[in-house]
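Structure record follows, encoded as structure tokens.
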Amino acid sequence: MKMVIIMAIRYELIHECKQTKARYGILHTPHGSFETPIFMPVGTKATVKTLENSEIKEVSDGLILANTYHLWLEPGDEIIKMHNGIRGFSKWDGALLTDSGGFQVFSLSDIRKIKEEGVEFRHHKSGAKLFMSPEDSIRIQNNLGADIIMSFDECPPFNSTYEYMKDSVERTLRWAKRGKEAHKFPNTQALFGIVQGGPYKDLRKMCAEELIKMDFPGYSIGGLSVGESKTEMYEVLDELKSIMPKNKPRYLMGVGTPDDIIEGVIRGIDMFDCVNPTRLARHGSAMTSVGRISIKNKIFEKDLTPLDENCDCKICKTYTKSYLRHLFKAEEYLGPRLVSYHNLYFLKKLSKNIRNAIKNDNLGDFKEDFFSKYYK
RNA sequence: GGGCGGGUAGCGAAGUGGUUAAACGCAGCAGACUGUAACUCUGCUCCUUAGGGUUCGGCGGUUCAAAUCCGUCCCCUCCCA
């Protein structure tokens, strides 16, 4: 009798934009099927900061992130396992993706030591010495129970030397293999491989090809949007576009400005995530169809118009800029909440418009129109 | 009426002869933010035609030099009558 292998996820490529070759597809997961390209809000510590689940439902497409490193440290993955995973813990009933903690190796770079076995960290709060291996990361992600999980990778600075980057990529590949072997639930959790290599096209190509040989259900592109220029980032995506398998989802990690999402989609990306909309919101910046605005600016003191005239979210249908500015100046919690809601809605709407444009074979026109109004 | 302590930039508060247009905090104004150590971080905040100019309760002194020392006046806190 033939064994039927049930994969955790499946990607269906439905249509390629005739103007741009951008992909429209459907990502099937154990907790829902999602049209792509998709933007995924980030909920690092099992909460999309300031928002409640019902609101996240309204401003996302139903697929969000959480972070292995943070949840491992607090409250600990065992606690979350007691709830049968993040979904039982936070009561989020949509789909989930967890990052591996690999990015923290980079963002906490002044307190880490990278070894073949794994990474030595200092706890960012207590200073305690900690260690995480690829196997640890996968074990924790198994406990967290997301639908899509990430390989434990190293995300070196974009400007690392070729020699360092080559060593790092080779190690990341070995870690990917080890993680894959340690993964206990491949039929309910899809493990993605992560392409690294900085600006070096041959390393990017090599990394992607080696990962593809290992046959992951999806591929992430990491090590971008870490301070390099947009041109450099787009060149890497251009390089990878033709290498990535058509029947698997492609996830550009950590990217979430409107312009980068559009440019990414045109270069074949299906999935995005970014802290930008929620962090900007907490700092008083709103994403709008004409560009970013800082709601705390004095010019909005008596402005009775909504954040974005072209937005139909409930915040824009209800509140004036003057009120939102007041909330921020008065340091009221509602300010960050309302703008977080709006910013996420903005990207949800943008993703939807992008998908429609792909289906209509006019994403090129859409891009041109978008940028004619959008500044910065 | 007597005594003590005070009056410093929008507010609070350092400084007690020169390197002080004056620490620091707050408020204010602006900027940054891309797999979240992030309700965080960074600038600016007397005037200026950018060369300078005018400041530390007021006025007048001492001194090469004063927010800082002296005199005097005004105001405030507290204590005693």
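Throughout, a chain's letter reflects where its sequence line sits, starting with A, and its residues are numbered from 1. None of the values given here were measured: they were computed from a predicted structure.
Comparing B/C44 with B/U34, their C1' atoms are spaced 27 Å from each other, to the whole Å. For the P atoms, the distance linking B/U62 with B/U68 amounts to 15 Å, nearest Å. When the P atom is compared between B/G60 and B/A67, the two are found 15 Å apart, to the nearest whole Å. For B/C56 and B/U40, the P atoms lie 37 Å apart once the distance is rounded to whole Å. Remark: the separation of the C1' atoms in B/U72 and B/A81 is 26 Å, to the nearest Å. Separating the P atom of B/U54 from that of B/G7 is a span of 26 Å, rounded to the nearest Å. Between B/G53 and B/G5, the two C1' atoms lie 36 Å apart (nearest whole Å). Atom name P, nucleotides B/C75 and B/C24: the rounded distance is 35 Å, in whole Å.
Across all strands shown, A/Leu65 has heavy atoms under 4.0 Å from sugar-phosphate atoms exclusively, and none from any base. Heavy atoms of A/Lys329 sit under 4.0 angstrom from primed sugar atoms or phosphate atoms, though from no base atom. Counting non-hydrogen atoms under 4.0 angstrom, A/Glu332 reaches nothing in the nucleic acid. Counting non-hydrogen atoms under 4.0 angstrom, A/Gly223 reaches a base of the nucleic acid. Within the 4.0 angstrom heavy-atom criterion, base atoms lie near A/Tyr333. Residue contacts for A/His123: at a heavy-atom cut-off of 4.0 Å it reaches no nucleic acid atom on any strand shown.
The CG atom of A/Asn53 lies 7.0 Å from the CG atom of A/Asp93; values are rounded to the nearest 0.5 Å.
For A/Glu181 and A/Arg178, the salt-bridge test fails: no basic side-chain N is under 4.0 Å from an acidic carboxylate O.
Remark: of the listed residues A/Thr257, A/Val265, A/Asp260, A/Thr36, A/Val265 is the sole one forming a side chain to side chain contact (heavy atoms under 4.5 Å, CB included) with A/Phe272.
A/Leu237 places its CG atom 17 Å from the P atom of B/U34, with the value rounded to the nearest Å. Rounded to an integer number of Å, the gap from A/Lys298 NZ to B/A27 P is 15 Å. Across the protein-nucleic acid pair, A/Tyr69 atom OH and B/A37 atom P stand 8 Å apart, rounded to whole Å. As a whole-Å value, the separation of A/Asp273 CG from B/U36 P is 7 Å. Atoms NE2 (A/His70) and P (B/U36) sit 6 Å apart, rounded to a whole Å. Computed from coordinates, the A/Ile295 CD1 to B/G31 C1' distance equals 16 Å when rounded to whole Å. Rounded to an integer number of Å, the gap from A/Phe300 CZ to B/G28 P is 17 Å. The distance between atom CZ of A/Phe328 and atom P of B/G28, rounded to the nearest whole Å, is 14 Å.
Other residues, nucleotides and ligands contribute over 12 non-hydrogen atoms within 6.0 Å of the NZ atom of A/Lys57. A 6.0 Å sphere centred on NZ of A/Lys177 holds no more than 12 heavy atoms belonging to other residues, nucleotides or ligands. With a 6.0 Å radius and a threshold of 12 heavy atoms from other residues, nucleotides or ligands, A/Lys180 has its NZ atom above the threshold.
Aromatic pair A/His15/A/Tyr24: ring centres not closer than 6.0 Å.
Across every strand in view, B/A81 sits unpaired, with no contact that passes the Watson-Crick or G-U test at under 3.5 angstrom. With a cut-off of 3.5 Å on both Watson-Crick or G-U wobble distances, the partner of B/A65 is given as none. Pair assignment for B/G28 gives B/C44, based on Watson-Crick or G-U wobble hydrogen-bonding distances that are each under 3.5 Å.
Across B/U34, B/C29, B/U36, the shortest atom-to-atom separation from the side chain of A/Asp99 is found for B/U36. For A/Leu280, counting side-chain heavy atoms from C-beta on, the closest listed nucleotide (B/A37, B/C33, B/G31) is B/C33. Across B/C33, B/G28, B/G31, the shortest atom-to-atom separation from the side chain of A/Asn297 is found for B/G31. Of the candidates B/G35, B/G28, B/A38, B/A38 carries the atom nearest the A/Arg282 side chain, counting heavy atoms from C-beta on. Which of B/A27, B/A38, B/G35 sits closest to the side chain of A/Arg279 comes down to B/A38. Side chain of A/Lys49, nearest nucleotide from B/U36, B/C29, B/C33: B/U36. Side-chain atoms of A/Phe103 lie closest to B/U36 of the nucleotides B/U36, B/C33, B/G28.
Counting distance only, with no hydrogens placed and no angle test, the side-chain atoms of A/His283 and the base atoms of B/C39 include no donor-acceptor pair under 3.5 Å. Below the 3.5 angstrom threshold, one finds a donor paired with an acceptor across the side chain of A/Thr278 and the base of B/U36. The base of B/C33 is paired with the side chain of A/Ser285 by a donor and an acceptor separated by under 3.5 Å. Contact annotation: side chain of A/Asn67 to base of B/G35, donor-acceptor pair absent below 3.5 Å.
With the nearest nucleotide of RNA chain B identified for both A/Lys296 and A/Ser225, A/Lys296 has the one nearer the 5' end.
Side-chain nitrogen and oxygen atoms of A/Gln104 include none within less than 4.0 Å of the OP1 or OP2 phosphate oxygen of B/G35. Contact between the side-chain N/O atoms of A/Ser220 and the OP1/OP2 oxygens of B/G35 is not found at any separation under 4.0 Å.
With a glycosidic angle further than 90° from 0, B/G17 counts as anti.
In this model, a donor atom of one side chain and an acceptor atom of the other lie less than 3.5 Å apart for A/Glu12 and A/His28.
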